Novice: 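Below is a structure I'd like to ask you about.
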Amino acid sequence: MIIAIDGPAGAGKSTVARLAAAALCFVYIDTGALYRAVGLAAMRAGADLNDPGAVAAVLPGVRLSITYDESGGQHIFLGSEDVSLSIRTPECSMAASAVGRVPAVRAFLLETQRSLARARSSVLDGRDIGTVVLPEADVKIFLTASPEERAARRWKELQARGVDEPYEKVLAEVVERDRQDTGRPIAPLRPAEDSVTLDTTGLTLEEAVARVVNLARQNAPAE
Ligand code: DC
């Protein structure tokens, strides 16, 4: 069974997807981490992130792999280096969003995402999982929240990790990433026609997770 959770940056997709996957005993696949790892590789290579040709030229040297620890936590590797933490900086968020606009990057990551999802029952979060990557997903959820609420959540997350960024800057980045992610010509962020929209603005985390778990149970394919 495949559950696709798409939506804008900071809507709570990763937390909701991880907890819903745990409740259902499914694997959680964080597809943003793949884009972040490619963004990190491109930054390290000194590529101009606004030049699709320069970004595409980095791809042949990118070796991505994913492992899971005992608690189901996803670790992402660039070559032999675990970059799971290095990809979480604001610079890497912007780099991921920039490389996500490059068709060669999306093609490069397409099969990786499909084969990860088809190996086991899984919950994936991303931008185009229900529309492009896995249109056959059993449940498609478009998870969203207001930009202010999303920025406030991101800000708290960054603070907890010791990254001191002013709220206004985080909000500006959320708005800018929305613009980039929805405005790109290839695989733009939009709800799949057969998706259920879940606005988490007034919901607690537990409520959001419960909605996802219920949708999964209601839509479980017959044995
Ligand atoms: O979910 P995230 O914030 O970790 O994603 C980082 C960026 O990667 C996001 O701004 C857009 C891009 N992305 C994408 O284009 N498609 C996906 N399935 C996941 C992420």
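As the structure is a prediction and not an experimental result, all values here were calculated from the model. Just so you know, ligand 1 is whichever comes first in the structure, and atom 1 is the first atom listed for that ligand.
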Novice: Is Arg154 touching ligand 1 with its side chain, its backbone, both, or neither, if touching means heavy atoms under 4.0 Å apart?
Specialist: side chain
Novice: Contact between ligand 1 and Arg101 is defined here as a heavy atom of the residue under 4.0 Å from a ligand atom; is it met?
Specialist: no
Novice: Closest approach of Ile5 and Lys13, non-hydrogen atoms and distance?
Specialist: O-CD, 3.8 Å
Novice: Can you name the atoms of ligand 1, numbered from 1 with element, that are less than 4.0 Å from a heavy atom of Ser97?
Specialist: 7 (C), 10 (O)
Novice: Check whether any side-chain N or O of Asp6 sits under 3.5 Å from a backbone N or O of Asp128 as a donor-acceptor pair, and report yes or no.
Specialist: yes
Novice: In terms of atom number and element, which parts of ligand 1 are under 4.0 angstrom from non-hydrogen atoms of Asp181?
Specialist: 9 (C), 10 (O), 11 (C)
Novice: Which bit of Arg106 is near ligand 1, meaning a heavy atom under 4.0 Å away: side chain, backbone, both or neither?
Specialist: side chain
Novice: Does an N or O from Lys13, backbone or side chain, lie closer than 3.5 Å to an N or O of ligand 1?
Specialist: no
Novice: Considering all heavy atoms of both residues, which atom of Val83 and which atom of Ala37 are nearest to each other, and what is their separation?
Specialist: CG2-CB, 4.4 Å
Novice: Between Thr182 and Arg190, is any side-chain donor less than 3.5 angstrom from a side-chain acceptor?
Specialist: no
Novice: Arg120: what forms a salt bridge (Lys or Arg N to Asp or Glu O under 4.0 Å) with it, not counting sequence neighbours?
Specialist: none
Novice: If you count the atoms of ligand 1 from 1 in the order shown, which ones are under 4.0 Å from a heavy atom of Gly126?
Specialist: 17 (C), 18 (N), 19 (C)
Novice: Out of the candidates Gln159, Arg161, Arg153, only one should pair with Glu157 under the side chain to side chain donor-acceptor pair (under 3.5 Å) rule; please name it.
Specialist: Arg161
Novice: How far is atom 10 (O) of ligand 1 from its nearest protein heavy atom, and which residue and atom name does that atom have?
Specialist: Arg177 NH1, 2.8 Å
Novice: If you have a sec, work out which protein heavy atom is nearest atom 4 (O) of ligand 1 and how many Å separate them, to one decimal?
Specialist: Arg36 NE, 2.6 Å
Novice: Taking a cutoff of less than 4.0 Å between a non-hydrogen atom of the residue and any ligand atom, is Arg184 in contact with ligand 1?
Specialist: yes
Novice: What distance separates Arg177 CZ from Arg150 CZ, expressed to the nearest 0.5 Å?
Specialist: 9.5 Å
Novice: Would you list the pairs meeting salt bridge (charged side-chain N to carboxylate O under 4.0 Å, His left out) in which at least one residue belongs to residues 81-105, sequence neighbours left out?
Specialist: Asp30-Arg88, Arg44-Glu81
Novice: Please state which protein non-hydrogen atom is closest to atom 8 (O) of ligand 1 and give its distance, to 0.1 Å?
Specialist: Tyr35 CB, 3.4 Å
Novice: With a cut-off of 4.0 Å, which atoms of ligand 1 are near a heavy atom of Asp128?
Specialist: 16 (N), 18 (N)
Novice: Under a 4.5 Å cut-off applied to non-hydrogen side-chain atoms, are Leu78 and Leu64 in contact?
Specialist: yes
Novice: Give the contacting part of Arg127 toward ligand 1: side chain, backbone, both or neither, where contact means a heavy-atom distance below 4.0 Å.
Specialist: both
Novice: At a non-hydrogen distance cut-off of under 4.0 Å, which region of Ala9 contacts ligand 1 (side chain, backbone, both, or neither)?
Specialist: neither
Novice: With no hydrogens and no angle check, is any side-chain donor or acceptor of Asp125 less than 3.5 Å from a backbone partner on Ser14?
Specialist: yes
Novice: How far is atom 19 (C) of ligand 1 from its nearest protein heavy atom, and which residue and atom is that?
Specialist: Thr31 OG1, 3.5 Å
